[in-house]
Visitor: 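Quick one: the structure is below, and I'll ask about it shortly.
Both ligands and their constituent atoms are indexed starting at 1 by order of listing. Computation of the quantities below employed the complete heavy-atom set of this structure, encompassing side-chain atoms and omitting hydrogens, waters and symmetry-equivalent molecules.
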Amino acid sequence: MAQLIGGITTSHVPAIGRAIAKNLQDDPYWKPFFDGFAPVHRWLAQARPDVLVVFYNDHGLNFFLDKMPTFAIGAAPVYTTGDEGWGIPALPSFDGDLDLSWHLIDALVADGFDLTTCQEMRVDHAVSLPMALLWPDQNWPVKIVPVCINTVQFPLPSAQRCYALGEAIGRAIGRWDSDRRVAVLGTGGLSHQLDGTRAGFINKDFDLQFMESIIHDPTWATQFSIKQLVEKAGTQGVELLMWLATRGALGALVRCVHRNYHLPISNTASGLMLLEPSA
Ligand code: DHB
Ligand code: FE
C-alpha cells in the first residue's frame, strides 16, 4: 500500500512569484521567508515523495463566481498555470497522477464527500508558488493531485468539514494499492485581509496558537465557525482551512520537523510547517 510520509503547510502570496523572478531571495525583506524553506529542501531530498496531494484555494483562475464548487479535485493528466493578473511569470506545468486522482474520487464519494471532478483544471499561485518554494529549480520531481476548497464565495465549508475531508483523504491514501510515497501540501493563510476596513489585518497571537494546535491539538480550530475564523484571521486568513485538511490527512499524532513564521510578506503573515505522521 502507498505510504503517507509527511505534510507541509505554507502561505502562498503572489509577491513571492515576483521575488523569485527577480532573484530577491537574499534581499533583507525576503531572506527570513526564503531561509525558512532550507530544512524543507533537506527533508524532501531525503524523503523523496513521488506524488503530492495539494489542498489549495483557487482565486478566480479556474473557477469563477458563476460556478463555485465547495470541494473540487483534479483528475487531469496535466495542470497548467495561467496569467492571473499579478505579473508572475508562468511556471512549468504539473503532471497529474490519474491513478491516485480516481482512487481518491472513488473513496471520497463513497465516504460522503460529493466533490466536483475536473478532468481539465488550471492551477493558480496557490499551487505554483508553494511548489516553486519546495523545488526552486522548478523541475518538479513529483506528480500532483490538486484538491480545491472554496474560500472565495460564501458559504464556505466549515473548519470541521475541511478537517474531515483531510481525514478521508488520509485514509484513502493508506488504502491506495501502490508503492508510491505520498505527501500532502496545504497552502494559504496565515492571517491576512486584503479588502474592506480591516485591510492589512494580521493576528500574530492567533496564528501562533493555531500553529501550535496543528501539532498538539489538531481539531482546536474546528470549534470556530467560518465567521469566527474570519474575525480571528481575516477574510483571506480563512485559507487556513487548507492547513486543517492537511493536518486531518496525517492522522492522530504528528511530529513537527520544522516550522517558520514571518511577517509581513505583502499583506500576509506567512507560516510554514513540516510534519511527519507519528505512530
Ligand atoms: C496576498 C495573499 C494571498 O493569499 C493571495 O491569494 C493574494 C495576495 C497578499 O498578501 O498580497
Ligand atoms: Fe490566497
Visitor: Hey, could you give me the CG/CE distance between L185 and M131, rounded to the nearest 0.5 Å?
Guide: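 Reported to 0.5 Å precision, the distance equals 7.5 Å.
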
Visitor: Between H125 and I16, is a side-chain contact (heavy atoms from CB on, under 4.5 Å) present by the stated rule, with each step listed?
Guide: CA-CA 9 Å; H125 68 273; I16 298 164; over 6 Å; no

Visitor: Heavy atoms, side chains only, cut-off 4.5 Å: are Y56 and V123 in contact?
Guide: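 They are in side-chain contact.
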
Visitor: Between W86 and ligand 1, which part of the residue brings a heavy atom under 4.0 Å of the ligand: side chain, backbone, both or neither?
Guide: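 Side chain only.
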
Visitor: For atom 10 (O) of ligand 1, which protein heavy atom lies nearest, and how many Å away is it?
Guide: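 Going by distance alone, atom 10 (O) of ligand 1 is nearest to T268 OG1, 2.7 Å.
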
Visitor: Between R198 and E231, is the closest basic N to carboxylate O distance under 4.0 Å?
Guide: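 Salt bridge flag = no for R198 with E231.
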
Visitor: In Å and rounded to the nearest 0.5 Å, what is the CZ to OG1 distance from F37 to T10?
Guide: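 Answer for the CZ-OG1 pair, F37 versus T10, is 3.5 Å.
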
Visitor: Report yes or no: is the cationic atom of R161 (NZ for Lys, CZ for Arg) under 6.0 Å from the centre of the six-membered ring of F113, at an angle within 45° of the ring normal?
Guide: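 Positive - R161 is close enough to the ring of F113 and near enough to its axis.
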
Visitor: Could you tell me the residue and atom name of the protein heavy atom closest to atom 4 (O) of ligand 1, and the distance to it rounded to 0.1 Å?
Guide: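 Answer, as residue, atom name and distance: H192 NE2, 2.8 Å.
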
Visitor: Against heavy atoms of H12, which atoms of ligand 1 measure under 4.0 Å?
Guide: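 Taking each heavy atom of H12 in turn, ligand 1 has 3 (C), 4 (O), 6 (O) under 4.0 Å.
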
Visitor: State the atoms of ligand 1, each with its element, that fall below the 4.0 Å cut-off from a heavy-atom position in V13.
Guide: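 That gives atoms 1 (C), 9 (C), 10 (O), 11 (O) of ligand 1.
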
Visitor: More than 12 non-hydrogen atoms from neighbouring residues, nucleotides or ligands closer than 6.0 Å to CD on Q46, yes or no?
Guide: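 Open.
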
Visitor: Look at the aromatic rings of F224 and W220 and report parallel, tilted or perpendicular, splitting at 30° and 60°.
Guide: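 Perpendicular: the ring planes of F224 and W220 meet at over 60°.
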
Visitor: Please round to the nearest 0.5 Å and tell me the distance separating atom CD1 of I226 and atom CG of L156.
Guide: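 So the CD1 of I226 and the CG of L156 are separated by 5.0 Å.
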
Visitor: Going by the atom numbers of ligand 1, which of them fall below 4.0 Å from some non-hydrogen atom of S266?
Guide: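 Under 4.0 Å from S266, ligand 1 has these atoms: 9 (C), 10 (O), 11 (O).
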
Visitor: Between R180 and D99, is the closest basic N to carboxylate O distance under 4.0 Å?
Guide: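 Salt bridge between D99 and R180, a charged N being under 4.0 Å from a carboxylate O: no.
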
Visitor: Pull up every protein N/O/S atom sitting under 2.8 Å from the Fe ion (ligand 2), skipping waters.
Guide: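 Atoms qualifying: H12 NE2, H59 NE2, E239 OE2.
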
Visitor: Relative to ligand 1, is Q236 under 4.0 angstrom through side chain, backbone, both or neither, heavy atoms considered?
Guide: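 The answer is neither.
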
Visitor: In terms of residue, atom name and distance, what is the protein heavy atom nearest to atom 5 (C) of ligand 1?
Guide: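 Answer for atom 5 (C) of ligand 1: H125 NE2, 3.5 Å.
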
Visitor: Nearest protein heavy atom to atom 8 (C) of ligand 1, by residue and atom, and its distance?
Guide: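 Result for atom 8 (C) of ligand 1: P14 CD, 3.3 Å.
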
